[in-house]
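Shown next, in structure tokens, is the structure this report addresses.
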Amino acid sequence: MNSKGLKNDRDTMSKSQLAVGVFDSGMGGLTVLRSLCEALPHESFIYLGDTARLPYGTKSPATVQQYAVQMARLLVERRIKALVIACNTATTAALPHLQMMLPDLPVIGVVSPGTSAAVAATKNHRIAVLATETTIAAHTYQRLITAQLPNATIHARACSLLVALAEEGMVDNAIARATLEHYLIDMMEVDTVLLGCTHFPVFKPLLSHLLPQGVSIVDSAEATADALKQCLVRDNLLNVSKSSHGSVHYLVTDSVKRFQHVGEIFLGKPLSAANIELIDI
């Protein structure tokens, strides 16, 4: 597939009025979407959750890249002005590929903004990275943190079970607590925990209870929202119209009912089934 096949047809609408495309393997990217909507209230978004094929975190980088290209194609066909990869695993596996494939479309991921936020937060340079198996194995976070803090001590841990718990809405029960306690073993000296998966922010309340007082919990959502805003301003794509509030349309590859139910946990507000569209890949 070449970039021509993924070009937008934007001739009948101002580019600044087009929506921003956002995709994730399922629900986790909704934590990013939530921050995007809060930071950019006049922007519209199209969110694509690949719920039929989650999780991405246990799949090979080649497979994840293939999925990411398919997700990008679907969103570009809906006419978007920018693309946010709201998934750490997909960012790690596919960001450079998609940026090269879509040279006329701004494409940003969540890994670099999250890294910068963690580096800014740490004081003792001891950082824990909780992420999926594929993200940890790629060493992307470790490499980016070390580039900014050469003397950093990094505890990187694959926590794939947390994705399944989050997708089931099990974020504050005994099972979630025991799972987090298992993953946090030998991490008591860190002063910053970087949530390297967009599913993990739903565990923040429980993590705050389990971690020593004063430990910073960092996720990439707010930092990614700032990065998108800077990108839109730079490319003159920011919707400066104040006449209306932005909208969100949801696309899913599996059960609408389940996405609505669990999605409300990630968004922190009711989610209308009327705004959710079931699509084929």
Heavy-atom closest contact (Met27 atom, Arg258 atom, distance): CE-O, 3.8 Å
Non-hydrogen side-chain atoms of Glu168 and Leu165 separated by less than 4.5 Å: no
Reference residue Ile85; test side-chain contact (heavy atoms from CB on, under 4.5 Å); the match among Val32, Thr198, Leu98, Thr92: Leu98
Matching residue for Ile108 among Leu95, Thr224, Thr91, Leu83 - test: side-chain contact (heavy atoms from CB on, under 4.5 Å): Thr224
Reported CD-to-CG distance for the pair Glu133 and Leu161, which is rounded to 0.5 angstrom: 10.5 Å
Lys81 NZ to Leu232 CG distance, which is reported to the nearest 0.5 Å: 5.5 Å
Check: Ala131 main-chain N/O paired with Thr135 side-chain donor or acceptor under 3.5 Å: no
Arg143 side chain near Thr146 side chain, heavy-atom distance below 4.5 Å: no
Donor-acceptor contact below 3.5 Å, side chain Lys59 vs main chain Arg53: yes
Rounded distance (nearest 0.5 Å) linking atom CG of Leu180 with atom CG of Leu162: 5.0 Å
Beyond-backbone contact of Val171 with Leu206, side-chain heavy atoms, under 4.5 angstrom: no
Sequence-distant partners of Tyr56, ring-ring contact (aromatic ring centres under 6.0 Å, His included), two or more places apart: Tyr67
Nearest non-hydrogen partners of Glu43 and Ser16, listed with the distance: OE1-O, 4.2 Å
pair Ile46-Tyr250: side-chain heavy atoms closer than 4.5 Å: no
For the student: nearest non-hydrogen atoms of Ala227 and Pro113, plus distance: CB-CG, 4.1 Å
Minimum side-chain heavy-atom gap Met187-Leu130 below 4.5 Å: yes
Stepwise side chain to side chain contact (heavy atoms under 4.5 Å, CB included) test for Leu207 and Leu184: CA-CA 9 Å; Leu207 278 168; Leu184 293 173; 3.9 Å; yes
Residue pair Pro106 / Leu237, side-chain heavy-atom distance below 4.5 Å: yes
Show me the donor-acceptor pairs within less than 3.5 Å that the side chains of residues 19-26 make with the rest of the protein, sequence neighbours left out.
residue	atom	partner	partner atom	Å
Asp24	OD2	Gly26	N	3.1
Asp24	OD2	Gly28	N	3.1
Asp24	OD2	Gly29	N	2.9

Within residues 206-227 or reaching into it, pairs that qualify as salt bridge (Lys or Arg N to Asp or Glu O under 4.0 Å) - sequence neighbours excluded: Lys204-Asp219
Ile80 and Leu105: CA distance, side-chain angles, deciding distance, side chain to side chain contact (heavy atoms under 4.5 Å, CB included) verdict: CA-CA 9 Å; Ile80 57 174; Leu105 187 74; 4.1 Å; yes
Glu181 and Arg177 ion-paired at < 4.0 Å: yes
Any donor-acceptor pair under 3.5 Å from Asp191 side chain to Lys123 backbone: yes
Any side-chain heavy-atom pair of Thr89 and Cys197 under 4.5 Å: no
From CD (Gln17) to CZ (Arg79), nearest 0.5 Å: 10.0 Å
4.5 Å side-chain heavy-atom contact, Gln148 and Thr115: yes
Within residues 153-162 or reaching into it, pairs that qualify as side-chain hydrogen bond (donor to acceptor under 3.5 Å, both in side chains) - sequence neighbours excluded: none
Parallel, tilted or perpendicular: ring planes of Phe259 versus Tyr47, cut at 30 and 60 degrees: tilted
Contact summary for Val262 and Ala166, nearest pair of heavy atoms: CG1-O, 3.7 Å
N/O donor-acceptor pair under 3.5 Å between Ser44 side chain and Ser247 backbone: yes
Other ILVMFWY residues reachable from Val111 by side-chain steps of under 4.5 Å: Val119, Ile127, Val129, Ile136, Tyr141, Leu144, Ile145, Leu149, Ile154, Leu194, Val218
Donor-acceptor contact present, side-chain Thr134 to main-chain Gly57, <3.5 Å: yes
Side chain Arg34, main chain Leu267, donor-acceptor under 3.5 Å: yes
Evaluation steps, side chain to side chain contact (heavy atoms under 4.5 Å, CB included), between Gln230 and Asp235: CA-CA 9 Å; Gln230 293 173 20; Asp235 294 345; over 6 Å; no
side-chain hydrogen bond (donor to acceptor under 3.5 Å, both in side chains) partners of residues 263-281, not counting sequence neighbours, each pair once: Arg78-Glu277, His249-Glu277
Transitive ILVMFWY side-chain link Leu54 to Val256, under 4.5 Å: no
Exercise: identify the closest heavy-atom pair between Asp50 and Thr253: OD1-OG1, 2.9 Å
Atom pair OH/CZ of Tyr183 and Phe203 - distance to nearest 0.5 Å: 9.5 Å
Check: Ser112 main-chain N/O paired with Ser116 side-chain donor or acceptor under 3.5 Å: yes
Atom pair CG/NE2 of Asn88 and His199 - distance to nearest 0.5 Å: 10.5 Å
Atom CG of Leu210 with >12 non-hydrogen neighbours under 6.0 angstrom: yes
Heavy-atom closest pair, residues Val248 and Cys37: CG2-SG, 3.8 Å
Stepwise side chain to side chain contact (heavy atoms under 4.5 Å, CB included) check, Leu48 with Ile279: CA-CA 10 Å; Leu48 172 53; Ile279 64 169; 3.7 Å; yes
